[in-house]
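Note sheet for the following structure.
These values consider heavy atoms only, across backbone and side chains, with no hydrogens, waters or symmetry-generated copies. Start at 1 and go down the list; that is how both ligands and their atoms are numbered.
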Amino acid sequence: MIIVMKPGAADSSIKAVVNYIESNGLTVHLSKGEEVTIIGAVGDKTRLSPENLTVYKDVDRIVPVTESYKLANKKFHPEPTQVKVGNAFIGPDTFAIMAGPCAVETEEQLMCIARAVKSSGASILRGGAYKPRTSPYSFQGLEEEGLRYMKRASEETGLATICEVVSQEAIEAAVKYVDMIQIGARNMQNFILLKEAGRSGLPVLLKRGLCSTIDEWLNAAEYIMSEGNPNVVLCERGIRTFETATRNTLDISAIPVLKEKTHLPVIVDPSHSTGAYKYVPSMAKAAAACGADGLMIEVHNDPAHALSDGPQSLTFEHFDRLTRELAPFCNIVGRNFRIPSEGETAL
Ligand code: PEP
Ligand code: MN
């Protein structure tokens, strides 16, 4: 349940309510807005009496929270959350673009992609070092060596970095080299991995499972947050439907639905959802127009020879054209998105 305090409630009144909740064995999540403070109670709610709570000074009302996710719930935290990733910010006023290869292949490949995506406006470099491939015979990633290249690319360009993790071992390596970890679609309900990601101390990008409902996805976010990590970003990457014309079906309506249910930033991956580079620009613009906080886009210096996901990867030229066309969509919805000017080179 949440306890909404009256505007301008005294600190002593807030403290009294917090003490009452904690003394009943529940934990408190405090959200202090400009005017109103909201106190969320997480735990066995049968131990709390709403009647007892209403008699506390400065309590305005008690609102039951029926959803099983609490920390990710907008009722607990009405203000949109901003997640800091290296030097970059995701939500609520910015439009953050993560771009880079599906898989880190060589140091030279990563460096040249990093420079190109930075000059076209990306603020975060993506690159897979642990690849959860459908076939065990496909390229599985460079693992820690790939992470080292990510760190070098970040040092040279100033871009923040993100890499998918698939195990506790990968998390332990990732914390040494990258600014954000990604839980991929196939691991969205790997609850042990979610808890480990929650304890990693790094911000987490949580992709939607291939066949997961929005509520299941938000409960997965709750697993990460319940380990004390509030820095979670959700990524819609398409779901399985009967349609085969695209690799997956981009659930664009997930954006407004999530904006209603959660305070966490939401980004869209038009690459894995469509599986075809030619559909990426229109889906990217649709995402910006309907309120996404950013995008994740696969970009490759030579898509025809990419070791993974070449058909959906944009060339540098395509990516540059896309970000230039995207800027007005971002501005219309009040988001700050800036492409570095000609003279501005990598750090
Ligand atoms: C990826 O981003 O490289 C990836 C494998 O994505 P997903 O988990 O969405 O399939
Ligand atoms: Mn990929």
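- Checked for salt-bridge contact, E260 and K74 miss the test: no charged N lies under 4.0 Å from a carboxylate O.
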Chi angles and distances behind the side chain to side chain contact (heavy atoms under 4.5 Å, CB included) call for L159, N87: CA-CA 7 Å; L159 288 170; N87 295 326; over 6 Å; no
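- Note on the Mn ion (ligand 2): protein N, O or S atoms under 2.8 Å away count 4, no waters included.
- In this structure, H77 and H263 have parallel ring planes: the angle between them is below the 30° cut-off, well short of the 60° mark.
- Between H318 and Y277, the angle of the ring planes stays under 30°, which puts this pair in the parallel group of the 30/60° scheme.
- When side chains are defined from C-beta on, M225 counts as touching V232, because their heavy atoms get closer than 4.5 Å.
- At a threshold of 4.5 Å between non-hydrogen side-chain atoms, the residues I3 and I62 count as touching.
- When side chains are defined from C-beta on, E196 counts as touching L193, because their heavy atoms get closer than 4.5 Å.
- Looking at heavy atoms from C-beta onward, L210 lies out of side-chain contact with I239 at the 4.5 angstrom threshold.
- When each of K207, R126, R237 is tested with D269 by the rule salt bridge (Lys or Arg N to Asp or Glu O under 4.0 Å), just one qualifies, namely K207.
- When heavy-atom distances to ligand 1 are checked against 4.0 Å, the residues falling inside are R126, K131, E164, Q182, G184, A185, R186, K207, R237, H272, E298, ordered by chain and number.
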